[in-house]
2 protein chains.
Amino acid sequence: MATPLIALAETAEPCCALGEGPLGPEDAERLAGQLAALADPMRLRVLSHIAAQGCEAVRACELEELLGLSQPTVSHHLKKLVEAGLLSRSRAGRSVHYGVVPGAFAEIRRVLDLG
Amino acid sequence: MATPLIALAETAEPCCALGEGPLGPEDAERLAGQLAALADPMRLRVLSHIAAQGCEAVRACELEELLGLSQPTVSHHLKKLVEAGLLSRSRAGRSVHYGVVPGAFAEIRRVLDLG
DNA sequence: GGTACACATTGACGTTCGTCGATGTTCTGT
DNA sequence: ACAGAACATCGACGAACGTCAATGTGTACC
């Protein structure tokens with residue numbers, strides 16, 4: 001991937017809404033990066049599962065059986081979601097907990113405000 | 001593409017929001033299809049350009065010079081956006097006009113309501 | 001009818017993505 | 001220290017994607 005999506009979570013600078021102005025190439029690239037992280041069935045199911053349980057404290061192993069995917073593949077998807085700034089990662093003993101970053105989706109919804 | 005996205009525009013049946021329930025595989029697939037249509041810099045710029053001009057009556061040729069892409073590539077992106085139910089297509093003499101489908105983005109924003 | 005314009009489709013190419021098995025890393029308990 | 005558990009990384013493979021040149025399909029005007 002050319003532009004690391006981690007930079008998004010750092011700067012936290014919101015992309016301009018689609019309706020306001022023509023949306024330059026660099027903003028379009030960044031927004032597309034966020035949406036690409038969402039544009040996968042398995043990752044959407046991961047987010048939905050975590051959100052349905054209170055947006056916190058989900059271990060990777062339970063996602064493995066939920067999705068029917070191998071452990072490396074689940075780890076791969078989780079990494080993408082963290083890089084996009086949608087999930088947060090925290091160790092808890094041997095396991096790792098993943099939670100939804102508060103406000104991350106509100107950001108995206110705001111950009112899509114042109115209906 | 002396995003599942004045609006056109007079916008979305010026909011049924012108009014909204015996916016359940018991410019927070020409500022675990023989000024089954026088929027709903028996840030459909031939502032991912034919509035988001036995949038958005039997850040491209042050029043297509044975002046197309047939508048932004050159309051929205052900035054009043055969501056109606058944009059000819060493909062002016063998008064060609066805006067994006068700096070070849071004519072077949074622009075046509076390809078427009079087709080994807082129409083299939084995803086985000087753009088509407090209508091002939092006007094020799095040229096073709098593309099407009100933003102009203103309510104299409106509100107639909108997606110509603111699904112992402114868990115921030 | 002014939003020519004020119006605006007757009008769509010086809011076929012091909014390089015790149016990226018999702019997935020897996022194998023292996024590495026980090027922590028716990030004995 | 002050792003064995004095992006939980007997760008991350010690596011390398012490889014097939015599929016899908018974005019892009020283009022070449023060609024096809026309508027539509028308008030003379």
Side-chain angles (χ1 to χ4, degrees), chain A residues 1-6 25 28-47 50 57-84 86-99, chain B residues 1-6 25 28-47 49-50 57-84 87-99:
Chain A
M1 195 170 298
T3 61
L5 296 177
I6 299 180
E29 202 88 30
R30 204 172 52 181
L31 218 191
Q34 294 184 71
L35 291 169
L38 283 174
D40 181 88
M42 296 304 181
R43 288 198 286 269
L44 284 174
R45 292 179 68 188
V46 166
L47 290 169
I50 296 178
V58 171
R59 291 167 300 141
C61 62
E62 66 177 283
L63 295 172
E64 187 174 335
E65 49 190 85
L66 168 73
L67 303 177
L69 294 178
S70 69
Q71 179 268 322
T73 301
V74 172
S75 188
H76 164 74
H77 285 309
L78 290 171
K79 183 178 182 180
K80 285 227 161 191
L81 289 170
V82 170
E83 286 177 346
L86 298 174
L87 284 184
S88 62
R89 202 188 97 107
S90 61
R91 289 211 74 115
R94 269 185 296 220
S95 54
V96 176
H97 287 27
Y98 287 90
Chain B
M1 195 170 296
T3 61
L5 296 177
I6 299 180
E29 202 88 32
R30 204 173 52 182
L31 218 191
Q34 292 184 72
L35 291 169
L38 283 174
D40 181 88
M42 297 304 181
R43 289 198 286 269
L44 284 174
R45 293 179 68 189
V46 166
L47 290 169
H49 186 254
I50 296 178
V58 171
R59 292 168 300 143
C61 62
E62 66 177 284
L63 295 172
E64 188 175 336
E65 48 189 88
L66 168 72
L67 303 177
L69 294 177
S70 70
Q71 179 268 322
T73 301
V74 172
S75 187
H76 164 74
H77 285 308
L78 290 171
K79 183 178 181 179
K80 285 227 161 191
L81 289 170
V82 170
E83 286 177 345
L87 248 46
S88 62
R89 201 187 96 108
S90 61
R91 289 212 75 115
R94 270 185 295 217
S95 55
V96 176
H97 288 27
Y98 288 91

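We name chains A, B, ... by the order of the sequence lines, and we start the count at 1 in each one. Please read all numbers here as calculations on a predicted model, not as lab measurements.
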With a 4.5 Å cut-off on side-chain heavy atoms, are B:Arg43 and B:Leu38 touching? no
If you compare every side-chain N and O of A:Thr73 against the phosphate oxygens of C:dC20 (OP1, OP2), does one of them come in below 4.0 Å? yes
Any B:Tyr98 side-chain N or O less than 4.0 Å from OP1/OP2 of C:dA6: no
Take the C1' atoms of the five end pairs on each side of the helix from C:dG1-D:dC30 to C:dT30-D:dA1, get both axes, and report the angle to 10 degrees. 20°
So, does B:His77 get its side chain near the phosphate of D:dT19, meaning an N or O under 4.0 Å from OP1 or OP2? yes
Any N or O donor-acceptor pair under 3.5 Å from the base of C:dA8 to the side chain of B:Gln71? yes
Residue list, side-chain contact (heavy atoms from CB on, under 4.5 Å) with B:Pro41, at least two apart or on another chain: A:Ala28, A:Glu29, A:Ala32
Whether B:Ser95 contacts C:dA6 is assessed here as follows: a side-chain N or O lying under 4.0 Å from the phosphate OP1 or OP2. Is that the case? no
Counting only side-chain nitrogens and oxygens, does A:Lys79 get under 4.0 Å of the OP1 or OP2 atom of D:dC7? no
Tell me whether the OP1 or OP2 atom of D:dC7 has a side-chain N or O from A:Arg89 closer than 4.0 Å. no
Which parts of nucleotides 24-30 of chain D does protein reach within less than 4.0 Å, heavy atoms only, written one letter per nucleotide 5' to 3' as B for base, S for sugar-phosphate only and - for none? ---BS--
Per A:Pro72 side chain, nearest of listed nucleotides D:dT9, C:dC17, D:dC20: D:dT9
